[in-house]
Number of protein chains: 2
Amino acid sequence: MTKQRREVYTVLMKNRDHPTANDVFRRLQREMSAISLATVYNCLDALAEHGLINQVNFDREPSRFCVNPAPHVHFRDARTGVIHDINFKEGCQITDLLELPDGAEVSELELTISGDLPAQT
Amino acid sequence: MTKQRREVYTVLMKNRDHPTANDVFRRLQREMSAISLATVYNCLDALAEHGLINQVNFDREPSRFCVNPAPHVHFRDARTGVIHDINFKEGCQITDLLELPDGAEVSELELTISGDLPAQT
DNA sequence: CTTCCGATTTAGAATTATTCTAAATCGGCC
DNA sequence: GGCCGATTTAGAATAATTCTAAATCGGAAG
């Protein structure tokens, strides 16, 4: 844990809105923290490697980063662009619903959903 | 359906191994079909827009294209790199397993899995 | 058959997220 | 204080994709 990695992590924790690497970079600059964009990428990599954060990809858009360590998936509200973490229902294995070949072992799984949420009332 | 779109589609049908745009381009060249890479991209877009093919993204790798029109997900065997189409079990809605907010409407859903398959015996 | 027109194709330039490079800096340890 | 491997850094490089503007196509209308 270097100074820079801690700063990147802190920014992610402060606002858990799935920012891109560039978002993180700009937030750190705004806080007068002189960090290089390359370092932001390095730090995000390092944090992800140690399982502290997750890299989230919607299609081919810039990667976003998520501090939620629990297994979950992502839902983007098409209207607002907000990305919501969605948990699995109690005791559910998504792979139970799939016709996986016998003996297949899942090591990584990413599920992203786009859709609409009813307007807040 | 233009000549080029048909050619792109034919190449995809001939070898359903989830090629990238560049793979498609090279296959067409090999068949002496003089097509531009930009056109391959255009055609893939047009075909995807009309629901004939699907764009498949694994992390931030180059997009791959899939001619399977049925709802399904993708599993990549980490050992061989081969991408397999995985169907849902009969009558299963993946969204039934998720704690989606009330009234959420899913319009797109992408699930990619990486893992290992037992070696063929 | 020719003309016209919008859509498509094309080559090449541009874009952009990310990675790479090589030098500078850091922090811990002797 | 001096050394060393790891990290940071600025800037260049990379690579998938998109954009641009001109050329071409193919069908409809005359």
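Numbered from 1 within each chain, the chains take letters A, B, ... in sequence-line order.
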Counting C-beta onward and ignoring hydrogens, is there a side-chain heavy-atom pair between A:His84 and A:Leu117 closer than 4.5 Å? yes
A:Met1 CE to C:dG28 P: how many Å, rounded? 15 Å
Looking only at heavy atoms, the pair that brings B:Pro71 and B:Asn87 closest together is O-OD1, 3.9 Å
Quick one, B:Asp59 with B:Arg76, criterion salt bridge (Lys or Arg N to Asp or Glu O under 4.0 Å). Give me CA distance, side-chain angles, the key distance, then yes/no. CA-CA 12 Å; B:Asp59 304 325; B:Arg76 170 152 50 196; 5.4 Å; no
Atom pair distance, as rounded to whole Å: CD in A:Gln55 and P in C:dA17: 14 Å
Can you check each nucleotide of nucleotides 2-16 of chain D against protein heavy atoms at under 4.0 Å and return B for base, S for sugar-phosphate only, - for none, in 5' to 3' order? -----SBBBB----S
From CA spacing to verdict: side-chain contact (heavy atoms from CB on, under 4.5 Å), B:Leu100, A:Ile86: CA-CA 6 Å; B:Leu100 283 169; A:Ile86 307 288; 3.9 Å; yes
Please tell me if the side chains of B:Asn57 and A:Asn57 come closer than 4.5 Å, counting only heavy atoms from C-beta onward. no
Whole angstrom is fine here: how far is it from CZ in A:Phe58 over to P in C:dA17? 17 Å
